[in-house]
Amino acid sequence: MRREILITLPRYDDVTEYLSQFSQQIEDSANERGIKIKKLKDNEAKQKEFEKVVKKLDCKMIIFNGHGSAEEIRGQKEIIVKLGVNDNLLRERIVYARSCHVAFKLGKECTKNTREGCFIGYDRPFQFYVDTQWLGNPLKDNLARLFLHSSNLVPISIIKGNSTSDANENSKKNILKNINKVLRDFNAESFKHQKSEDFCGLKISPEIFKIAEALWNNYEGQVLYGNPNVKL
Amino acid sequence: MTEENKEINEELRDVVIMRIDAIPSNLRLSIGSEESLNKEQMIYHVRKGDETGRQIINSHLSFMKAIARGEFTKALASV
């Protein structure tokens, strides 16, 4: 297995556009470390191409961006990995799936009886908020950044040489730091025209509550299956 | 479902809708396998009680449970 990375970057709606654009940070990290990263962008992020590239390159790490469910990961408007069909392609690899629910079944199954395989993903919907003023330029969206930079830390920590367990923990700690940040930095005085409420001893605005809730969802939902000690 | 459970579910749904309604209109939420949702769309799904609506309610419920159990403040204090 080659010490290389395969990453899917579908782009056909605002969600996949955000996920793919914010993945630039992962690509930059790999380039800095001299680790080859093969991108499957847009229409390349389809099942046939994915299977071909996985078999040919035999990358140790695969990063999925896209929609998903408990039994499947989607690429560019189609399923690219499905439990019971081609999930064997994920076995014995390090996989990070930024897709809803995938860890719940597919992630668990593809790491059963594994030695070197590890799957980090979400056992519920991965959530993030976006600020519509930045829909045309997602990388300027500091609200989405709170969510997506934390999740980027999973693959980035692995790229930097950390174990899968440490990468998972680094990412989750960052989510908690971002929750602290939004609770403390957003002062209710800034939202005088809106309602505020007492929350854990702080005054916060309604959207802060919802942002904290979504970040907490990702914190609780981010899980690791397989070997926690494997490195890239 | 008992009458009491149905009442609790309706109350919970109303609380979730109230919270969503209070957020600014420039925020959209990505949740589940669809495009992102504005607040009107979130409220629609919660009222409808479909898969997306249930996911939104479950997310709220998990959060409130974590706060009530002290898990949330304990986790924040750990970093």
Inset, instruction - Counting only heavy atoms closer than 4.5 Å, note whether Ala212(A) contacts chain B via side chain, backbone, both or neither. - result: both
Inset, instruction - May I ask you to check whether over 12 heavy atoms, not counting those of Lys82(A), lie within 6.0 Å of atom NZ? - result: yes
Inset, instruction - State whether the number of non-hydrogen atoms from other residues, nucleotides or ligands found under 6.0 Å of Tyr44(B) atom OH is greater than 12. - result: no
Inset, instruction - Check whether any side-chain N or O of Asp14(A) sits under 3.5 Å from a backbone N or O of Glu35(B) as a donor-acceptor pair, and report yes or no. - result: no
Inset, instruction - Begin from the C-alpha positions of Leu29(B) and Phe128(A) and carry the test side-chain contact (heavy atoms from CB on, under 4.5 Å) through to its verdict. - result: CA-CA 6 Å; Leu29(B) 172 67; Phe128(A) 65 97; over 6 Å; no
Inset, instruction - Please round to the nearest 0.5 Å and tell me the distance separating atom SG of Cys100(A) and atom CD1 of Ile31(B). - result: 7.5 Å
Legend entry - Neighbour count >12 (heavy atoms, 6.0 Å) for atom CZ, Phe63(B): yes
Inset, instruction - Tell me, for Tyr12(A) versus chain B, whether the close heavy atoms (under 4.5 Å) come from the side chain, the backbone, both or neither. - result: neither
Legend entry - Residue selection (most heavy-atom pairs with chain B, distance under 4.5 Å) from Val130(A), Val15(A), Asn174(A): Val130(A)
Inset, instruction - Measure the spacing between CG of Asn217(A) and CD of Gln55(B) and express it to the nearest 0.5 Å. - result: 9.5 Å
Inset, instruction - Report the option among Ala75(B), Ser78(B), Ser62(B) that has the most heavy-atom pairs separated by less than 4.5 Å from atoms of chain A. - result: Ala75(B)
Inset, instruction - Using the six-membered ring of Phe209(A), assess whether NZ or CZ of Arg19(B) lies under 6.0 Å from its centre and within 45 degrees of the ring axis. - result: yes
Legend entry - Spacing of OG belonging to Ser59(B) relative to NZ belonging to Lys210(A), to within rounding of 0.5 Å: 6.5 Å
Legend entry - Rounded distance (nearest 0.5 Å) linking atom CD of Glu220(A) with atom CD of Glu71(B): 6.5 Å
Legend entry - Side chain, backbone, both or neither of Met18(B) within contact of chain A (heavy atoms, under 4.5 Å): neither
Inset, instruction - With side-chain contact (heavy atoms from CB on, under 4.5 Å) as the test, would you mind laying out the steps for Leu183(A) and Leu76(B) before giving the verdict? - result: CA-CA 11 Å; Leu183(A) 289 179; Leu76(B) 291 192; 3.7 Å; yes
Legend entry - Atom pair CG (Leu135(A)) and CZ (Arg28(B)), whose distance is rounded to the nearest 0.5 Å: 7.0 Å
Inset, instruction - State, yes or no, whether a side-chain contact exists between Leu143(A) and Leu27(B) at a heavy-atom distance under 4.5 Å. - result: yes
